[in-house]
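Data first, discussion second: the structure below is written as structure tokens.
For ligands, and for the atoms within them, numbers begin at 1 and follow the listed sequence.
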Amino acid sequence: MEQLLLSPSPRLSGTIRLPGSKSISNRTLLLAALAQGKTLVRELLDSDDIRHMLGALRLLGVTIEQVGNSRDFVVHGVGGAFPVKQAELFLGNAGTAFRPLTAALALMQGEYQLSGVARMHERPIGDLVDALRVAGADIRYLGNAGFPPLAIAPATIDAGRVIPVKGNVSSQFLTALLMALPLTGEAVTIEVVGELISKPYIEITLNLMARFGVKVERQGWQRFTIAAGQSYLSPGEIHVEGDASSASYFLAAGAIAGGPVRVEGVGRDSIQGDVKFADTLRQMGATISMGDNWIEASAPAGGLKALDVDLNHIPDAAMTIAVAALAAGGTTTIRNVESWRVKETDRLSAMATELRKVGATVEEGRDYIRITPPAALTPNAEIDTYDDHRMAMCFSLVALMGTPVVINDPKCVAKTFPDYFEVLASLTR
Ligand SMILES: O=C(O)C1=C[C@@H](OP(=O)(O)O)[C@@H](O)[C@H](O)C1
Ligand SMILES: C=C(OP(=O)(O)O)C(=O)O
């Protein structure tokens, strides 16, 4: 197994340009593929999750051209129906590819199989399948009930009824239904049963759908209605913002190791909920400033403060707070993150195990984690990353606390940020 030793660098400052947003890249690709007309998608993220979406769309008969060696792509929209009616798709561990493609393909009157890596086959999808079945979809489980892999067959779809969906396991199920059901042309009502988690991701979905010409009326977070006869139309061009979750590691770096560290590509104008990570860092005492398209963080004179916070609205960037808590005075509690258990790994368990390796006292609850830093961090801890890009990126912050740390299998960052460690090293010491 590859290991990366990060030597201590207690001071850090500089500016980095963020890679494109995963959430915006994969939504935009799917909407552009389904739309009528050509879309120029600018500054698409280059990572495993996006390669899975690109590869799947091409297998489904969508023409997508890269502009030279740039990250700009021209997507030739198919106007609502994929030309290829039989395909086997492998989608790695990309939730933003697997869930939305399941919903879109369930409406396509074709024979499709969708699978992923072993961990994807442990990540739930039953709530989405149940909702699609109410609309008439024919979806079978090829392994365990409620989980991928899936087989989809042609079916008579009737979306003109209330489609209920549970929202307490992943918001991606609601996102998938919202993006796919307008393809039926029927008047659609989706009703969220119970609590909805990760709400800001629904705002990204609605924002991008609107740019492709489909309006959704919503009553709070409970009821979403789409008027009949709407269809996706290319807006011509979409620019992909920088990734706000990827920004969290650099902003935390500035807040821990002096700074200022500036990230370019997201700011006040962002449609990503994870820009709110900056507010949490500010509550920890960091100095934050923000422009339309950049955010900057510096360390406070007296060190970071511990917090007791509900981070359900930023589940991905919340992991960065868990590791930043090692640099805070006192005990930090992160609440309402049960969804961590069904992501790339069981992140509550993985985070607790690895934080203990650097000497922290950790309490792991069903849906919370409580972290008390040690008087001195344990040097050269070997951090397991569980094929979870965010575990690798978060724990790099330990080196900024003046303690050397070893990251096992560092290349797992390829899911969303293949050159993360090079970009981190580019900040001046
Ligand atoms: O819709 C999206 O782009 C995402 C939604 C979130 O998942 P959940 O809704 O499962 O929390 C987030 O963790 C994931 O990285 C991306
Ligand atoms: C949860 C994540 O990924 P996915 O889109 O596969 O759900 C993540 O990137 O942290």
Side-chain angles (χ1 to χ4, degrees), residues 19-31 45 47-53 91-103 116-117 119-128 148 165-179 192 195-209 221 240-241 243-249 270-274 276-277 311-320 322 336-348 350-351 367 385-394 412-418 420:
S21 154
K22 170 195 76 170
S23 296
I24 297 176
S25 292
N26 271 353
R27 283 169 173 77
T28 300
L29 283 175
L30 181 60
L31 294 174
L45 172 60
S47 81
D48 284 354
D49 277 12
I50 308 316
R51 261 190 295 283
H52 287 302
M53 180 61 103
L91 300 167
N93 199 3
T96 55
F98 208 107
R99 279 76 181 257
L101 279 169
T102 295
V117 298
R119 175 60 184 171
M120 182 50 102
H121 296 177
E122 294 173 351
R123 297 181 66 187
I125 198 161
D127 295 337
L128 175 59
V165 65
K166 285 174 72 181
N168 65 338
V169 171
S170 170
S171 72
Q172 292 178 6
F173 305 148
L174 174 58
T175 279
L177 295 170
L178 285 166
M179 291 204 289
V192 178
E195 185 211 356
L196 175 66
I197 64 163
S198 305
K199 294 184 184 70
Y201 288 97
I202 301 304
E203 310 250 30
I204 303 179
T205 304
L206 298 178
N207 182 296
L208 291 170
M209 286 172 65
W221 297 102
V240 178
E241 295 177 11
D243 194 294
S245 319
S246 299
S248 71
Y249 312 108
S270 174
I271 63 169
Q272 297 167 74
D274 269 11
K276 289 258 162 61
F277 172 81
L311 294 183
N312 189 275
H313 60 296
I314 54 166
D316 294 354
M319 292 174 74
T320 314
N336 207 359
V337 289
E338 190 175 7
S339 74
W340 278 16
R341 294 205 183 275
V342 292
K343 306 230 179 198
E344 280 74 338
T345 184
D346 177 340
R347 288 174 166 172
L348 272 162
M351 191 53 87
D367 65 350
T385 51
Y386 310 80
D387 207 14
D388 183 348
H389 53 143
R390 298 198 194 284
M391 288 295 289
M393 294 190 280
C394 283
C412 66
V413 297
K415 188 174 193 282
T416 56
F417 201 158
Y420 171 74

Notebook entry, point to check: Between His52 and ligand 2, which residue portion shows a heavy-atom distance shorter than 4.0 Å: side chain, backbone, both, or neither?
Noted result: neither
Note to self: Is the shortest side-chain heavy-atom distance between Trp340 and Asp316 below 4.5 Å?
What the structure shows: no
Margin query: So if I count the atoms of ligand 1 from 1 in the order they appear, which ones are less than 4.0 Å from some heavy atom of Ser198?
Written below: 8 (P), 9 (O), 11 (O)
Note to self: With nothing but distance in play, are any N or O atoms of Arg99 less than 3.5 Å from an N or O of ligand 1?
What the structure shows: no
Margin query: Taking Asp388's backbone N and O only, do any of them form a donor-acceptor pair with Thr385's side chain (distance below 3.5 Å, no angle check)?
Written below: no
Notebook entry, point to check: Near Thr96, which atoms of ligand 2 are under 4.0 Å from a heavy atom of that residue?
Noted result: 5 (O)
Check: Are side-chain N/O atoms of Ser270 and Glu241 paired as donor and acceptor at under 3.5 Å?
Finding: yes
Notebook entry, point to check: Step by step, would you call Thr175 with Ile202 a side-chain contact (heavy atoms from CB on, under 4.5 Å)?
Noted result: CA-CA 6 Å; Thr175 279; Ile202 301 304; 3.4 Å; yes
Note to self: If you define the side chain from C-beta out and look only at heavy atoms, does anything of Cys394 sit under 4.5 Å from Tyr249?
What the structure shows: yes
Checklist line | Nearest option to atom 16 (C) of ligand 1, as decided by whichever heavy atom of Glu338, His313, Gln172 sits closest | finding: Gln172
Notebook entry, point to check: Does the distance from a Lys or Arg side-chain N to an Asp or Glu carboxylate O, for Arg347 and Glu344, drop under 4.0 Å?
Noted result: yes
Notebook entry, point to check: Looking at side-chain heavy atoms only, is the closest gap between Leu208 and Ile271 below 4.5 Å?
Noted result: yes
Next item on the list: Report yes if some heavy atom in the side chain of Asn312 is under 4.5 Å from a heavy atom in the side chain of Glu195; otherwise report no.
Entry: yes
Next item on the list: Considering the heavy atoms of Lys343, write down every atom of ligand 1 situated less than 4.0 Å from one of them.
Entry: 6 (C), 7 (O), 8 (P), 10 (O), 11 (O), 12 (C), 13 (O)
Next item on the list: For Leu30 and Met53, run side-chain contact (heavy atoms from CB on, under 4.5 Å): C-alpha distance rounded to whole Å, both residues' side-chain angles, the deciding distance at 0.1 Å, then the answer.
Entry: CA-CA 8 Å; Leu30 181 60; Met53 180 61 103; 3.9 Å; yes
Check: Quick one: do the Arg119 and Thr345 side chains pair a donor with an acceptor below 3.5 Å?
Finding: no
Next item on the list: Looking only at distances, please establish whether an N/O atom of ligand 1 is found under 3.5 Å from an N/O atom of Thr96.
Entry: no
Check: Any N/O of Gly95 closer than 3.5 Å to an N/O of ligand 2?
Finding: yes
Item checked: Winner among Arg390, Glu344, His389, Met319 once heavy atoms are compared against atom 2 (C) of ligand 2 -> Glu344
Note to self: Is a donor from one side chain sitting under 3.5 angstrom from an acceptor on the other, for Ser171 and Ser198?
What the structure shows: no
Checklist line | Interfacing atoms of ligand 2 (cut-off 4.0 Å, heavy-atom, Asn93) | finding: 6 (O)
Checklist line | Under the salt bridge (charged side-chain N to carboxylate O under 4.0 Å, His left out) test, residues paired with Asp274 that sit two or more places apart | finding: none
Notebook entry, point to check: With a 4.0 Å cut-off on heavy atoms, does Arg119 reach ligand 2?
Noted result: no
Margin query: Is the contact between Ser171 and ligand 1 made by the side chain, the backbone, both, or neither, using heavy atoms and a 4.0 Å cut-off?
Written below: both
Check: Considering only heavy atoms of Lys22, which atoms of ligand 2 have at least one such atom less than 4.0 Å away?
Finding: 2 (C), 3 (O), 4 (P), 5 (O), 8 (C), 9 (O)
Item checked: Per-atom contacts, ligand 2 versus Arg123 - under 4.0 Å to a heavy atom -> 4 (P), 6 (O), 7 (O)
Checklist line | Partner residues of Ser248 under the side-chain contact (heavy atoms from CB on, under 4.5 Å) criterion, sequence neighbours left out | finding: Phe277, Ala317, Thr320
Margin query: Between ligand 2 and Lys343, is the shortest N or O to N or O distance under 3.5 Å?
Written below: no
Margin query: Quick check on contacts: which atoms of ligand 1 are under 4.0 angstrom from a heavy atom of Ser23?
Written below: 2 (C), 3 (O), 16 (C)
Note to self: Is there a polar contact, in the sense of an N or O pair closer than 3.5 Å, between Thr175 and ligand 1?
What the structure shows: no
Note to self: Suppose we measure from atom 10 (O) of ligand 1 to each protein heavy atom; which comes out shortest, and what is that distance?
What the structure shows: Ser170 OG, 2.6 Å
Notebook entry, point to check: Counting from 1, what ligand 1 atoms have a heavy atom of Arg27 closer than 4.0 Å?
Noted result: 1 (O), 2 (C), 3 (O)
Checklist line | Which residue and heavy atom of the protein sit nearest atom 15 (O) of ligand 1, plus the separation | finding: Asp316 OD2, 2.5 Å
Next item on the list: Could you tell me whether Arg347 and ligand 2 have an N or O pair separated by under 3.5 Å?
Entry: yes
Notebook entry, point to check: Less than 3.5 Å between some nitrogen or oxygen of Tyr201 and one of ligand 1, yes or no?
Noted result: no
